[in-house]
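Notes for the one structure printed next.
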Amino acid sequence: MVDVLPNATFRVSVSESHEVLSTLAGNMRRFRIRVLQGDRVTVEVSPYDLTRGRITFRHKT
């Protein structure tokens, strides 16, 4: 994760040159899972817009 933006929006680096603007999935909001800058996360990328996605999992480090 690169940046934390307002309204539970995050900028996530998928590869060296590609970044995705993503939001938290519903279950992560429901269970109040905190995501901080520098965390490794799993992102579902939208098939319609490759610059948007949804964070579905936060990996433990």
Side-chain angles (χ1 to χ4, degrees):
M1 177 161 336
V2 178
D3 270 340
V4 179
L5 304 171
N7 297 328
T9 306
F10 302 91
R11 185 165 291 132
V12 179
S13 176
V14 179
S15 65
E16 295 294 325
S17 61
H18 191 66
E19 290 187 349
V20 176
L21 194 65
S22 57
T23 59
L24 286 177
N27 265 353
M28 293 190 69
R29 288 184 186 182
R30 179 178 169 202
F31 293 112
R32 295 188 178 102
I33 296 174
R34 301 286 181 202
V35 179
L36 303 173
Q37 186 173 359
D39 287 345
R40 293 190 63 216
V41 294
T42 301
V43 177
E44 290 181 355
V45 179
S46 169
Y48 303 108
D49 185 2
L50 296 177
T51 63
R52 303 291 240 154
R54 177 179 20 201
I55 298 174
T56 57
F57 188 78
R58 176 182 174 227
H59 295 278
K60 295 183 180 181
T61 54

Query raised in the report: If you group Ile, Leu, Val, Met, Phe, Trp and Tyr whenever their side-chain heavy atoms sit less than 4.5 Å apart, what else falls in with Leu21?
Result: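 The other cluster members (ILVMFWY side chains, heavy atoms under 4.5 Å, direct or chained) are Leu5.
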Query raised in the report: Between Val35 and Val41, is any pair of side-chain heavy atoms under 4.5 Å apart?
Result: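 Yes, at least one pair of side-chain atoms sits under 4.5 Å.
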Query raised in the report: Can you find a pair of side-chain heavy atoms, one from Val43 and one from Thr56, that are under 4.5 Å apart?
Result: no
Which heavy-atom pair separates [X] from [Y] by the least distance, and what is that distance?
| X | Y | value |
| --- | --- | --- |
| Glu19 | Arg11 | OE1-CD, 2.9 Å |
| Gln37 | Met1 | CG-O, 4.1 Å |
| Gly53 | Val20 | N-CG1, 3.6 Å |

Requested in this report: Would you check, one step at a time, whether the test side-chain contact (heavy atoms from CB on, under 4.5 Å) holds for Leu50 with Val45?
Outcome: CA-CA 6 Å; Leu50 296 177; Val45 179; 4.0 Å; yes
Requested in this report: State whether the side chain of Thr51 and the backbone N or O of Asp49 hold a donor-acceptor pair below 3.5 Å, judged by distance alone.
Outcome: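 Not confirmed, Thr51 side chain does not pair with Asp49 backbone.
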Query - Sidechain-backbone polar pair: Asp39 side chain, Leu36 backbone, donor-acceptor under 3.5 Å - result: yes
Requested in this report: Give, for atom CG of Leu24 and atom CG of Asn7, the distance between the pair rounded to the nearest 0.5 Å.
Outcome: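 If I round to the nearest 0.5 Å, the distance is 11.5 Å.
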Query raised in the report: How long is the gap from CZ on Arg52 to CD on Glu44, to the nearest 0.5 Å?
Result: 15.0 Å
Query raised in the report: Should we say atom CZ of Arg29 is surrounded by more than 12 heavy atoms from elsewhere, each under 6.0 Å from it?
Result: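 Check passes, neighbour count above 12.
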Report task. Determine whether more than 12 heavy atoms belonging to other residues, nucleotides or ligands lie under 6.0 Å from atom CZ of Arg54. Result ->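 No, CZ of Arg54 has 12 or fewer neighbouring heavy atoms, counting only those of other groups under 6.0 Å.
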Query raised in the report: Please, which pairs that meet ring pair (Phe, Tyr, Trp, His ring centres under 6.0 Å) have at least one residue in residues 4-39, sequence neighbours excluded?
Result: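 Passing the test, one end in residues 4-39: no pairs.
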Query - Set of residues satisfying side chain to side chain donor-acceptor pair (under 3.5 Å) with respect to Thr42, sequence neighbours excluded - result: His59
